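Below is one structure, written out as structure tokens; the observations come after it.
What you see is a predicted model; the values in this text were computed from it and never measured.
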Amino acid sequence: MSEEMKADLDLDLKGLLCPMPMVKVSQNIASVPVGGTIRAVATDPGSMADIPAWAKSTGNEVISAEKVDGEFVFMVKRLK
Amino acid sequence: METQQMTTLAGVLDKKMNRQLKQYLDICARCAICKDACHQYVATQDFKYLPARRAELIRQIYKKYFTKTGEFVPALYEARDPDENLLDELYESAYACTGCRRCMYYCPFSIDTAWILSVAKAILIAAGKGNEMLGQLADAALFKSDNFEMFKDVIVDGFKDIELQVKELTGDPDAEIPVDKQGADILYVALAGAHSILPAAVIFHEAKASWTLSYFEAANYGYFFGDAVKARQIADRFMDEAKRLGVKEVVITECGHAYRVAEIFHEAWSGEKHSFKVRHILEVIDEYITDGRITVRPDAITEPVTYHDPCQVGRNGGIFEQPRNIVCALASDFRDMTPNREQQWCCGGGGGLVAISEMDEFRLKSGTIKAEQIKATGARIIASPCENCRLQMEGLNDSMELGIEVKAIMDLVLEAMPLAGSSAKVTPTD
Ligand code: SF4
Ligand code: SF4
């Protein structure tokens with residue numbers, strides 16, 4: 001699904017250690033329009049809980065969070 | 001700003017007031033000795049970063065609301081209301097401060113400017129002007145624990161992935177990462193990622209320790225944000241787990257502020273005496289090496305290595321010798337920085353600054369003294385236990401072309417341990 005959808009911003013967060021993947025998504029969310037998306041690819045498994053928790057607590061949405069070949073791929077939608 | 005709102009903000013200072021804080025506010029001799037102790041002031045020569053000047057902003061509110069002279073002749077006594085201008089100045093002073101307390105070490109009256117600035121953060125939060133990013137990170141941590149069932153499977157799946165690497169490294173198919181183990185001796189509290197779990201799991205396995213891994217991460221952005229209630233709640237997550245499991249000790253990973261929160265602040269915040277002790281992982285590893293429970297090759301690292309004392313582990317946490325013992329046990333050419341231990345310069349990465357992008361340029365500039373210190377050792381590897389420090393030193397390495405490798409102490413230990421499966425060595429960040 002995330003393969004087909006074109007994101008407004010692609011973030012390469014590979015190699016970053018938690019909580020930095022979540023920090024980078026948060027720092028960049030304002031650069032996409034409301035309703036826009038960020039596709040983020042991280043390698044730290046902690047991001048699988050961190051990024052959805054950040055999205056929930058800030059009122060944004062993780063459309064998908066998948067493990068693909070040892071990487072964690074997120075589609076995050078800006079809701080406000 | 002309405003007078004009522006300013007009075008409410010002054011009330012935050014009133015709530016935080018105790019004898020110690022009052023003394024700090026009354027006693028400053030304006031000798032400015034602290035200016036040469038603060039890496040941020042020394043690197044920028046900007047008056048707003050002078051420690052006594054930062055504290056003076058709180059002192060101005062104190063004079064206006066808590067002294068007769070300041071109340072009646074504010075101009076003469078530099079008394080001010082917490083209006084928008086003052087709050088803007090407070091924001092820059094307080095959220096730029098790394099809380100390193102080097103200024104306190106050199107102050108003839110031991111004035112704790114970082115503590116005064118924690119009051120500044122509480123005032124800013126009450127005014128709705130707390131740092132947004134640090135607030136979000138604190139809220140995300142609490143959201144995870146408040147809705148734990150939503151995240152439990154994903155957290156445990158992550159642990160299982162790391163467990164496979166533990167099996168591979170130790171060559172032991174039965175090696176595990178125990179979670180939620182009632183009656184274990186140790187509750188190990190890591191960071192959210194693999195890098196602080198994998199090496200510790202291997203070390204505990206080799207030492208045949210009775211341990212269990214916490215579901216929750218040690219990092220505490222509530223503390224950096226300046227909200228004592230959230231900071232306590234974030235630490236409560238693993239402190240309650242420790243009580244429930246009946247462990248003998250809580251061992252905090254290689255993280256400076258998390259150790260200080262757990263070891264120094266949590267009992268005071270919760271008003272409860274812990275039924276277990278709290279130690280830093282480096283204290284435990286040093287003990288394992290000394291007692292022969294784990295072995296490290298003495299010549300594992302022949303390149304020159306130096307060590308950076310993170311402020312919250314060293315000056316503010318009292319752990320100086322254990323990390324040096326560990327590094328010296330596995331590296332043949334250890335070179336300490338000058339100055340070191342209590343006098344060590346702050347690298348500039350603490351206080352949550354690495355998460356505040358608008359401070360990136362300032363943060364790297366404030367690290368110039370650290371970069372010079374590192375260069376002077378001629379070391380090729382810099383070891384340091386605090387993740388914020390390592391991020392900062394990696395930034396300094398890139399921006400100032402230091403040509404060094406920045407390493408966690410546990411990673412060095414992992415490299416130096418003769419492991420049955422070491423031929424299949426994987427990197428903790430994979
Ligand atoms: S060193 Fe202490 S007494 Fe002197 S100006 Fe700084 S805070 Fe005040
Ligand atoms: S605690 Fe550190 S960063 Fe903060 S004012 Fe003092 S020396 Fe400067």
On a heavy-atom basis, which atom in Met133(B) and which in Val23(A) lie closest, and how many Å separate them?
CE-O, 3.8 Å
Ring pair (Phe, Tyr, Trp, His ring centres under 6.0 Å) partners for Tyr223(B), two or more places apart
Phe265(B)
Please flag which part of Leu391(B) lies under 4.5 Å from any non-hydrogen atom of chain A: side chain, backbone, both or neither.
side chain
Could you have a look at Gly46(A), Ala49(A), Ala65(A) and say which one has the most heavy-atom pairs with chain B under 4.5 angstrom?
Ala49(A)
Between the side chains of Ser26(A) and Gln136(B), does any donor sit under 3.5 Å from an acceptor?
yes
Rounded to the nearest 0.5 Å, how far does NZ of Lys144(B) lie from CH2 of Trp54(A)?
14.0 Å
Please report the shortest heavy-atom distance between Asp50(A) and Ala192(B), naming the atom on each side.
OD2-CB, 3.9 Å
Residues at least two apart in sequence or cross-chain that pass salt bridge (charged side-chain N to carboxylate O under 4.0 Å, His left out) with Glu405(B), listed by chain then number, are Lys407(B)
Neighbour count above 12 (heavy atom, 6.0 Å) for Lys56(A) NZ:
no
List the steps, then state whether side chain to side chain contact (heavy atoms under 4.5 Å, CB included) holds for Asp139(B) with Thr58(A).
CA-CA 8 Å; Asp139(B) 288 343; Thr58(A) 54; over 6 Å; no
Please output the residues of residues 350-361 of chain B in contact with chain A, using a heavy-atom cutoff of under 4.5 Å, in numerical order.
Val354(B), Ala355(B), Ile356(B), Ser357(B)
Nearest heavy-atom pair of Ala53(A) and Ala140(B): which atoms, and what distance?
CB-O, 3.7 Å
Is there a side-chain contact between Leu17(A) and Leu191(B) (heavy atoms, below 4.5 Å)?
no
Per-residue contact mode, Pro52(A) against chain B (heavy atom under 4.5 angstrom)
both
Can you give me every donor-acceptor pair (side chain of residues 149-161 of chain B, partner residue at least two apart or in another chain, under 3.5 Å) with its distance?
from, atom 1, to, atom 2, distance (Å)
Asp161(B), OD1, Lys67(A), NZ, 3.4
Asp161(B), OD2, Lys67(A), NZ, 2.5

